[in-house]
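Structure first, commentary second.
In each ligand, atom 1 is the first atom listed, and ligand 1 is the first ligand listed.
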Amino acid sequence: MKAYLELMRAGNCAMAAFAGFIGVLIAYNILSSASPYLSLSLFDTSLIFAIVFLVTGAGNGLNDYFDIEIDKVNKPSRPIPSGKISLKSALYFSLLLFITGIALAFLVNSLCGIIALFNSIILILYAQSLKRTPFFGNASVGYLTGSTFLFGGAVFGMSGLQALVVLFLLATLATIAREIVKDVEDIEGDKKDGARTLPILIGAKKASYIAAVFGFMAMLASPVPYLQSILNEKYLFVVAIADIFFLIAVYQILGKKDAAHSSKLFKFAMLFALISFIVGA
Ligand SMILES: CC(C)=CCC/C(C)=C/CC/C(C)=C/CC/C(C)=C/COC[C@H](O)COP(=O)(O)O
Ligand SMILES: CC(C)=CCC/C(C)=C/CC/C(C)=C/CC/C(C)=C/COP(=O)(O)OP(=O)(O)O
Ligand SMILES: [Mg+2]
């Protein structure tokens, strides 16, 4: 059981699922001010959390299935290269998670079902090939991460999804920045694997500057949810702390050229940003 949770990267699944949960709450807050009779279903909200957890876990599991050769070198302690889980078991487990997540999403409503199906296709394409293409891999993970908010809002249909576009964009920008930093960190292993990532194509320095631009865009846009009255002033205080960590993360990659530390700081800033959303809701 523990090995399967490790294969799913349960920590990332929980973070993504929490984002979906926040998406439901914020969309409800926005829409209920105009429609007082709008109801918030605890069952649907729990389903959103579970679906994002399952589909994210499926994507992570399939990712490790396709990455077996790289991970034998770079990450030998992971469940598949270490022998805790066989390749075939990892594949069937991931497919089961995808099917379960998609089926549950259609149980919520057709919009959630379509998003879950579309995201599952992107996750499969990412694991198979997209991750080895310049920038498209980073953009895919950025979209997928940002889509957790859209997915939560979709519980209330298109109006709920549209209400969370700003949060979607913030999360997407920040994730793209981190993904490019991760590619800078993995440049040697990716070169051996024949991957054509941004740092391999244009060099680590230029790629780091592009990551910094995405990071700054996310930071500069972070007051927008407050300015649009989507989130309150408490959000501003907490997101300011996230922005400081984003700034330090950018300094780590540009000033110190320490991609590993920068990646960790980006993730910590993203966690703080998630907290700012719930505090400001
Ligand atoms: C400026 C501002 C307010 C930005 C918003 C930042 C935000 C809320 C981002 C969303 C965070 C989120 C929903 C994360 C979900 C889980 C996750 C970490 C997804 C991306 O992971 C892919 C990554 O390649 C996994 O690598 P690793 O973390 O090293 O295992
Ligand atoms: C909203 C719904 C239904 C699903 C969203 C699914 C989500 C949130 C995905 C988040 C992004 C994510 C976890 C993508 C999976 C791909 C992945 C594991 C990328 C990182 O793997 P690599 O690029 O191989 O790098 P490492 O294996 O070294 O971490
Ligand atoms: Mg991988």
Atom indices of ligand 2, in the order listed, that fall short of 4.0 Å to a heavy atom of [X]:
X	answer
Ser147	1 (C)
Val55	4 (C)
Ala16	8 (C)
Phe151	1 (C)
Thr56	6 (C), 7 (C), 8 (C), 13 (C)
Lys75	28 (O)

Test ring pair (Phe, Tyr, Trp, His ring centres under 6.0 Å) on Tyr126 and Tyr143; report intermediate values, then the result. CA-CA 12 Å; Tyr126 176 84; Tyr143 157 76; over 10 Å; no
Is any protein N, O or S atom closer than 2.8 Å to the Mg ion (ligand 3), and if so, which? Asn63 OD1, Asp67 OD2
Charged N to carboxylate O under 4.0 angstrom, [X] versus [Y]?
X	Y	value
Lys75	Asp64	no
Lys182	Glu185	no
Lys131	Asp67	yes

Quick one: do Phe246 and Met270 satisfy side-chain contact (heavy atoms from CB on, under 4.5 Å)? Show the steps, please. CA-CA 8 Å; Phe246 278 120; Met270 285 156 79; 4.1 Å; yes
Do Lys182 and ligand 2 have an N or O pair less than 3.5 Å apart?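 Between Lys182 and ligand 2 (N or O atoms, distance only) the closest approach is under 3.5 Å.
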Quick one: do Phe272 and Val238 satisfy side-chain contact (heavy atoms from CB on, under 4.5 Å)? Show the steps, please. CA-CA 7 Å; Phe272 245 96; Val238 181; 4.1 Å; yes
Who's closest to [atom] heavy-atom-wise, of [options]?
atom	options	answer
atom 2 (C) of ligand 2	Asn119, Val141, Thr145	Asn119
atom 14 (C) of ligand 2	Asn138, Leu150, Leu123, Asp183	Leu123
atom 18 (C) of ligand 2	Thr148, Ile70, Asn60	Asn60
atom 24 (O) of ligand 2	Lys131, Met8, Arg78, Glu185	Lys131

Taking [X] for its side chain and [Y] for its backbone only, find out whether a donor-acceptor pair lies under 3.5 Å.
X	Y	answer
Asn232	Gly280	yes
Ser35	Leu38	no
Thr148	Gly20	no

Any idea which part of Leu144 is under 4.0 Å from ligand 2, heavy-atom wise: side chain, backbone, both or neither? both
Atom pair OH/NZ of Tyr65 and Lys88 - distance to nearest 0.5 Å: 9.5 Å
Roughly how far apart are Tyr209 OH and Phe216 CZ, rounded to 0.5 Å?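 Answer rounded to 0.5 Å: 10.5 Å.
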Minimum-distance pair of heavy atoms, taken over all atoms of Ala3 and Pro79: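 What the structure gives for the nearest pair is O-CG, 3.6 Å.
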Taking all non-hydrogen atoms of both residues, which atom of Ala211 and which atom of Val181 are closest, and how far apart? CB-CG2, 3.9 Å
Does Asp67 have a heavy atom less than 4.0 Å from any atom of ligand 2? yes
Taking only non-hydrogen atoms of Glu179, do any sit less than 4.0 angstrom from ligand 2? no
Contact table ligand 1 N or O to protein N or O, d under 3.5 Å:
{"residue": "ligand 1", "atom": "24 (O)", "partner": "Glu179", "partner atom": "OE1", "Å": "3.4"}
{"residue": "ligand 1", "atom": "24 (O)", "partner": "Glu179", "partner atom": "OE2", "Å": "2.8"}
{"residue": "ligand 1", "atom": "24 (O)", "partner": "Lys182", "partner atom": "NZ", "Å": "2.9"}
{"residue": "ligand 1", "atom": "26 (O)", "partner": "Lys182", "partner atom": "NZ", "Å": "2.7"}
{"residue": "ligand 1", "atom": "28 (O)", "partner": "Arg178", "partner atom": "NH1", "Å": "3.1"}
{"residue": "ligand 1", "atom": "28 (O)", "partner": "Arg178", "partner atom": "NH2", "Å": "3.2"}
{"residue": "ligand 1", "atom": "28 (O)", "partner": "Lys267", "partner atom": "NZ", "Å": "2.7"}
{"residue": "ligand 1", "atom": "29 (O)", "partner": "Arg178", "partner atom": "NH2", "Å": "3.3"}
{"residue": "ligand 1", "atom": "29 (O)", "partner": "Lys182", "partner atom": "NZ", "Å": "3.3"}
{"residue": "ligand 1", "atom": "30 (O)", "partner": "Arg9", "partner atom": "NH1", "Å": "3.2"}
{"residue": "ligand 1", "atom": "30 (O)", "partner": "Asn12", "partner atom": "ND2", "Å": "3.2"}

Determine, stepwise, if the pair Asp183 / Asn138 fulfils side chain to side chain donor-acceptor pair (under 3.5 Å). CA-CA 9 Å; Asp183 284 342; Asn138 305 136; 2.8 Å; yes
Among all protein heavy atoms in this structure, tell me which lies nearest to atom 17 (C) of ligand 2, with the distance rounded to 0.1 Å.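 Protein heavy atom at minimum distance: Asn63 ND2, 3.6 Å.
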Atom 16 (C) of ligand 2: closest protein heavy atom, distance to 0.1 Å, is Tyr126 CE2, 3.7 Å
